[in-house]
There are 2 protein chains.
Amino acid sequence: MAGCASPFAAQVKSAGFALSPSGDEEEEALSRLRSAGDRMTTPRRLLVRCLFEASGHRTAEELAAEIQTYAPDVSISTVYRNLEELERLGVVVHLHLGHGPATYHLATEAHGHLVCRKCEIQVEIADGFFADLRRRAIADFGFAIDPRHFAVIGLCATCQADAEDLGDSTAG
Amino acid sequence: MAGCASPFAAQVKSAGFALSPSGDEEEEALSRLRSAGDRMTTPRRLLVRCLFEASGHRTAEELAAEIQTYAPDVSISTVYRNLEELERLGVVVHLHLGHGPATYHLATEAHGHLVCRKCEIQVEIADGFFADLRRRAIADFGFAIDPRHFAVIGLCATCQADAEDLGDSTAG
DNA sequence: CTATTTGCAAAATGTTTGCAATCCG
DNA sequence: CGGATTGCAAACATTTTGCAAATAG
């Protein structure tokens, strides 16, 4: 639930809210907000900072918790609203890893996932895994798939073995 | 929202609740319930009947509405509880077609789906579409995928064309 | 008879919205 | 200053749960 906390906590505390962006990509994200006519607010800046500070997928709630380390009053609805805006601008995307809440990450980090329906372990997979599916979807239906938006559910090797131990009549 | 309504409404009205099962598969589903020690109640019978009467995916709410045509007091929580039990017994499976509610259908009718993220049109796809993905998931990770549990999101041909008309910078 | 199942209402979960107060530019 | 943005609380949508009353076997 923490994650990007310590590294830039110090910066915030020592310099008010002069959060120094760490890279070009982060600067570009801020530019995109400005170009879209969006104002540069504290919750907005902190959210962008959190997204770039630690990569990986985090839920809106997790992001809110990180942000609240620095600005305790930032509400989850503001986080949702800003994630929506960043998604509209192409900076972030959201991903459904299973039955729980959506997770958010930088659009540049998008990739596919396998998730075990039993133990919920996640495996990141390369886009090449979907090459055949993509080709067929276009060829047969003109469909341009985005196989990274929903994870592909399944059973990992360990849980398959467990299921066999019990007899697999309930394997569905 | 209706669907399996008229055909067996007549049967129900003319013969109390002597809903005559229409096929072997339906009989087998009822047997499975009995074998599992489950009691044969009216909501249970009606749900099974509805599931077999019309194929296709329906949400719990839609199924409840159909059932309530005959037994108005059946509550949605009973429908959820019985769907859960039928899923445990391998009779039905649930499927997520996008951001809305889950849909339920007979396990024997499971297949993959493409869903357009914009117009939400759905395309049913053959299991062969996933052959390559399945093979790679097993080979590289020992993962047995179930690509029919979550639809694959994308953009249909029409919506791709629309996006190009507008310039596709917001295509994410 | 009694354990299972039900209906209802309430809780839980995840996300969105209405609105007055606040803040950016 | 004036409109964009926020925080809060309440609404929303879907699914789950607690519990007393009903019912199958």
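Each chain gets a letter, A, B and so on, in the order the sequences are listed, and its residues count up from 1.
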message: Starting from A:Leu83, can I reach A:Val91 by hopping between I/L/V/M/F/W/Y residues whose side chains sit under 4.5 Å apart?
response: yes

Has B:Glu120 got more than 12 heavy atoms of other residues, nucleotides or ligands less than 6.0 Å from its CD? no

| Should we say atom CD of A:Glu109 is surrounded by more than 12 heavy atoms from elsewhere, each under 6.0 Å from it? | yes

Using a cut-off of 4.0 Å on non-hydrogen atoms, how would the nucleic acid contact of [X] be classed: base, sugar-phosphate, or nothing?
X	result
B:Ala60	nothing
A:Arg81	base
B:Thr41	sugar-phosphate
A:Thr59	nothing

Note: chain B reaches DNA chain D at heavy-atom distances under 4.0 Å over the stretch, first to last nt, 5' to 3', of D:dT14 to D:dG25

Is the distance from OP1 or OP2 of C:dT15 to the nearest side-chain N or O of A:Tyr80 less than 4.0 Å? yes

| message | Tell me whether the rings of A:His149 and A:His94 are parallel (<30°), tilted (30 to 60°) or perpendicular (>60°). | response | perpendicular

**Prompt:** Mind checking whether B:His96 and B:Phe150 have parallel, tilted or perpendicular rings, split at 30° and 60°?
**Reply:** parallel

Rounded to whole Å, the CG-P distance (A:Asn82 to C:dC24) equals 13 Å

Heavy-atom nearest nucleotide on DNA chain D taken for B:Arg34 and for B:Ser77; more 5' hit belongs to B:Ser77

Walking DNA chain D from its 5' end, the first of B:Tyr104 and A:Ser75 to be reached, judged by nearest nucleotide, is A:Ser75

*Counting N and O atoms only, with roles assigned by atom type, does the side chain of A:Thr103 sit under 3.5 Å from a partner on the main chain of A:Arg58, one being a donor and the other an acceptor?*
no

Result for 5'-nearest mapping on DNA chain C, choosing between B:Arg44 and B:Pro72, is B:Arg44

